[in-house]
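All values reported here derive from a predicted model rather than from experimental measurement. All values below come from the heavy atoms of this structure, side chains included, with hydrogens, waters and symmetry mates left out. Convention: sequence-line order gives letters A, B, ...; per-chain numbering from 1.
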Amino acid sequence: MQAHYRPELIEPEVQRRWQERQAFRAGEDPTRPKYYCLSMFPYPSGRLHMGHVRNYTIGDVLARYHRMRGYNVLQPMGWDAFGLPAENAAIQNGVPPARWTYDNIAYMRGQLKRLGFAIDWSRELTTCRPEYYKWNQWLFLRMLERGLAYQKTGVVNWDPVDQTVLANEQVIDGRGWRTGAPVEKREIPMYYLAITRYAEELLADLDKLPGWPQQVKTMQANWIGKSHGVEIHFPLTPPPISGAGSAGGWGPVLKVFTTRADTLFGVTYLAVAPEHPLAQAAARDNPRLAAFIEDCRKGGVTEAELATQEKRGMDTGLKAYHPFTREALPIWVANYVLMGYGEGAVMAVPAHDARDFAFAQKYGLPIRAVIRPAGEQGGRREEATDLTPHPSALSPDLPYTDKGILFDSGDFSGRSSDDAIEAIALVLNNLGLGEKRVTWRLRDWGISRQRYWGCPIPLIHCEHCGTVPVPDEQLPVLLPEDCVPDGSGNPLAKREDFVRCTCPRCGAPARRETDTMDTFVDSSWYYARYCCPDNDAAMVDARVDYWMPVDQYIGGIEHAILHLLYSRFWSKVMRDLGLVRYDEPFARLLTQGMVLNHIYARRTDKGGIQYFAPDEVEVTTDDKGRIVAARARADGQPVDYLGLGTMSKSKRNGVDPQAIVERYGADTARLFMMFAAPPEQTLEWSETAVEGAHRFLKRLWKAVHEHLKAGAVAAYSPATGVELSPPARELRRLLHETLAKVTDDIERRQQFNTAIAAIMELMNALGRLEGEDAATRSVRQEVLEAVTLMLAPITPHICTVLYEALRPGADLLAAAWPQVDETALKRESVELVLQVNGKLRGHITVPAGADAAAIEQAALASPEAQRFTAGRPVKKVVVVPGRLVNIVL
RNA sequence: GCGCGGGUGGCGGAAUCGGUAGACGCACCGGACUUAAAAUCCGGUACCUCCGGGUGUACGGGUUCGAGUCCCGUCCCGCGCACCA
């Protein structure tokens with residue numbers, strides 16, 4: 001073996017051998033347990049970024065580990081190849097999106113191979129290829145047949161200058177990114193998938209996912225947003241004096257949904273969304289109102305933008321009548337009411353809702369408190385008849401948004417909020433003015449995009465027959481690959497050769513739908529297609545039953561809601577069509593944190609902001625190493641340090657993995673990624689820490705080399721009965737403790753940083769072991785073999801070479817994960833922490849099997865206990881076996 | 001604004017079920033080797049201290065024999081918010 005670690009020599013050689021053997025090609029083998037390890041496929045943006053390296057290294061460690069544990073492992077890779085960046089690149093440099101995308105894929109595939117991931121490349125798939133997207137279209141048609149896909153209007157960002165729909169990302173401070181024109185909302189026809197029909201199951205089945213982070217399940221549950229409430233009808237005409245109590249005969253009503261029907265007597269106005277039919281009607285003969293509603297169209301459509309904009313409203317002049325008190329209530333138009341949720345109208349209770357409160361204050365609307373905290377004045381039962389408003393329910397404590405006890409609420413006063421909600425719903429129901437209802441926050445999935453670089457929606461518009469689905473035998477509807485978008489309109493609509501077609505139903509000339517599908521469609525089922533990428537006759541086949549569900553899915557936390565929810569939905573649709581058998585596609589999920597780096601920028605003369613890459617600036621640090629100043633290398637002028645942020649092109653703080661691999665090798669890049677932080681946390685880039693990882697590999701190499709210089713030796717085996725020196729026995733114990741910890745860290749905890757730290761500690765201990773006798777050398781061999789095997793999933797190249805050096809003729813790819821020798825773990829005595837009143841005062845050593853009484857005895861007898869108790873009486877002694885003793889005075 | 005996370009030495013992080021705070025690594029300091037430097041190896045490194053000890057896990061409170069960990073409140077940072085992927 002070479003004396004020096006030369007990754008640039010060994011890594012390509014090891015990779016060449018893997019390729020030659022097709023070592024990672026996976027076949028269906030029913031005799032072995034399968035392990036489908038999937039990392040989220042990349043968007044082919046041009047180059048790999050550090051987030052990819054992190055993602056795929058985590059996946060590779062788990063894949064290689066499970067291979068060593070005897071699993072039949074599948075780790076595939078592909079390309080999420082449709083999307084906006086390809087069109088942006090086309091606008092910028094005139095290259096067709098297809099060409100740009102395929103070139104990027106070729107380059108990035110090379111980068112992935114250079115990192116040494118154990119990927120089955122024979123299953124590679126690319127979503128912009130017709131053989132893939134054909135099945136998007138096919139499944140869309142199945143959904144259409146079942147009413148799961150349908151058309152309705154939706155609101156989009158409209159750039160009035162470019163006459164183009166803008167993605168949310170393309171709206172910056174309410175203006176179009178290219179034109180700078182104020183963006184408007186516009187309603188256009190779109191296709192939707194009825195994900196809300198699966199809302200109940202998508203929510204309930206979260207409980208079937210014990211392998212998912214609780215955080216992600218909570219986010220999804222909140223996103224689906226099941227809420228139990230009451231739909232209340234406010235009559236729009238004055239109710240008849242007599243006949244109250246009889247259902248019906250109320251005339252037109254304004255429907256609202258509320259989860260807080262208990263606050264009904266606190267309603268002082270009603271508010272409807274600007275798009276609400278009532279608002280539209282009222283605006284017809286009210287120019288000021290029409291202007292206000294028109295004004296609400298300004299700005300983008302994102303929820304964040306709507307929620308943070310100033311709350312504004314205007315009285316429509318219309319009235320609705322309180323179902324119980326018959327009081328006339330003004331109806332306002334308010335920009336904070338969303339048309340898409342509930343009924344697009346709310347009953348406003350300023351005293352008990354923060355948004356209504358702010359709105360009422362702004363416009364001088366009345367505020368009427370009707371709920372007081374239950375706990376106050378004891379909250380005893382007799383309080384229930386006390387109808388006087390509690391002082392705390394008045395001004396300074398408003399709005400009071402928690403539940404409590406009702407007052408000033410007619411027959412319902414004195415009831416608790418929950419009781420009152422039930423009772424009010426019942427009475428409303430009897431009056432025919434409302435009922436209990438379940439509402440969801442989840443909306444149907446709008447998949448139409450007015451863009452070129454996506455999967456065509458397989459529909460044809462015919463003058464005579466209307467919208468007609470493309471027949472299955474005509475699929476796929478091919479996307480022309482030679483378009484060059486220019487930033488205005490939808491390029492597909494300008495392609496007569498694409499648009500012109502004949503109606504499949506009547507044969508008359510017709511026009512193709514030019515909208516393409518949301519790219520989330522592509523990524524909603526690619527995991528299933530990896531199982532059978534070569535099947536041109538069916539979307540999926542029996543091989544899916546073998547591999548699915550994915551045993552381990554790994555990807556960025558930023559996908560916690562949308563991508564994962566859409567994939568779950570798509571799976572359930574495929575299941576209900578009889579295509580697959582699983583309910584949930586991903587059994588275990590690991591959401592990795594983002595990769596951060598320092599951000600430097602400078603204000604430009606024009607008021608813009610200019611970013612500097614970290615290697616373009618020179619930093620000054622204070623004596624504690626903190627960055628206090630920075631200047632650009634180019635001009636020597638100061639730049640601002642903006643702290644840490646996720647690596648991104650726009651902030652120019654990305655680090656190219658290519659440079660790191662070239663400089664230190666793939667193993668160093670992989671080791672750093674796994675060591676720098678636990679996978680779920682953000683990771684801060686640090687070049688010096690990369691060097692530290694590299695140093696460790698050099699030390700490991702040297703340790704094996706030094707050990708082997710004295711000749712080959714078999715690893716220690718307890719079966720030989722050879723007596724070991726106490727230090728050698730200690731090291732063996734540490735080895736097997738480390739093995740147990742590393743196994744647990746990788747498999748259960750998925751905390752690779754602590755696994756690596758434990759291995760480093762073991763190597764440090766190995767360095768301290770002296771002695772060249774055969775027994776000691778055999779322990780050293782055992783440790784080095786085990787370390788090589790434990791690191792093999794993380795740094796496979798160096799470990800391949802070291803393992804073969806340690807065991808000539810052996811094959812690391814066929815090696816099993818090492819076993820813990822339980823006999824090596826035995827201890828005769830244990831050290832316990834001694835506390836007095838919870839403070840650390842010393843340590844005591846007791847026999848390994850000592851019981852609590854014996855430990856207490858030993859603790860009280862120790863000199864530290866004598867000293868710190870100083871004869872004071874001992875109140876109690878807490879003994880935690882194996883850990884500590886606490887003497888309480 | 002709403003939902004979900006996070007905040008521990010100079011820095012990244014460790015402490016897995018409420019039980020020794022700071023493992024491991026980086027940086028820094030000192031030493032060895034060297035003509036010298038790099039590389040490498042060894043040692044030290046939370047803060048204060050009257051050297052007994054005391055303080056310390058964003059901030060303010062609470063529960064407990066014992067809190068980085070649990071509870072309440074506040075501040076800051078990150079992710080998501082449905083057309084970025």
Would you please name every residue forming a side chain to side chain contact (heavy atoms under 4.5 Å, CB included) with [X], sequence neighbours left out?
X: A/Asp745; value: A/Lys741, A/Arg749, A/Thr754, A/Ala755
X: A/Thr153; value: A/Glu187
X: A/Ser862; value: A/Leu834, A/Ile844, A/Glu864, A/Ala865
X: A/Gln151; value: A/Pro189, A/Tyr191

(message) Tell me whether the side-chain N/O atoms of A/Gln309 come closer than 4.0 Å to OP1 or OP2 in B/G1.
(response) no

(request) Return no unless some side-chain N or O of A/Asn764 is found under 4.0 Å from OP1 or OP2 of B/A23. (result)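 No.
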
Counting primed atoms plus P, OP1 and OP2 as sugar-phosphate and everything else as base, spell out the protein contacts along [range] at 4.0 Å heavy-atom distance: B, S or - for each nucleotide, 5' to 3'.
range: nucleotides 65-77 of chain B; value: B------------
range: nucleotides 42-57 of chain B; value: ----------SSSS--
range: nucleotides 80-85 of chain B; value: SBBBSB

Distance-only donor-acceptor hits, side chain of residues 882-889 of chain A, under 3.5 Å, sequence neighbours excluded:
residue	atom	partner	partner atom	Å
A/Asn886	OD1	A/Asn837	N	3.4
A/Asn886	OD1	A/Gly838	N	2.9

(request) Take atom C1' in B/U57 and the same atom in B/C47, then report the distance between them in whole Å. (result)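 Result for the C1' pair: 13 Å, nearest Å.
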
(message) One thing to verify: whether A/Glu305 and A/Lys185 come together as a salt bridge, which I'm taking to mean a side-chain N less than 4.0 angstrom from a carboxylate O.
(response)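 A salt bridge is absent here (no side-chain N lies under 4.0 Å from a carboxylate O).
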
(message) I'd like to check the side chain to side chain donor-acceptor pair (under 3.5 Å) partners of A/Glu761; sequence neighbours left out, ordered by chain and number.
(response) none

(message) If a pair means Watson-Crick or G-U wobble with both distances below 3.5 Å, what does RNA chain B look like in dot-bracket form, with | marking bases paired to a different strand?
(response) (((((((..(((......[....))).(((((.......))))).(((....)))..(((((..]....))))))))))))....

(message) Can you identify which nucleotide, out of B/G78, B/C4, B/U20, has its nearest atom closest to the A/Val833 side chain?
(response) B/U20

Every protein N/O lying under 3.5 Å from an N/O of nucleotides 37-41 of chain B:
none

(message) Under 3.5 Å, is there a donor on one side chain and an acceptor on the other for A/Asp159 and A/Thr164?
(response) no

(message) Could you tell me if A/Arg355 sits above the aromatic ring of A/Tyr336, with its cationic atom closer than 6.0 Å to the ring centre and no more than 45 degrees from the axis?
(response) no

(request) Remember a base hit wins even if backbone is also touched, and classify A/His843 as base, sugar-phosphate or nothing at under 4.0 Å, heavy atoms. (result) base

(request) Can you tell me which residue pairs pass the ring-ring contact (aromatic ring centres under 6.0 Å, His included) test with a partner in residues 673-692 of chain A, sequence neighbours excluded? (result) A/Phe672-A/Trp685

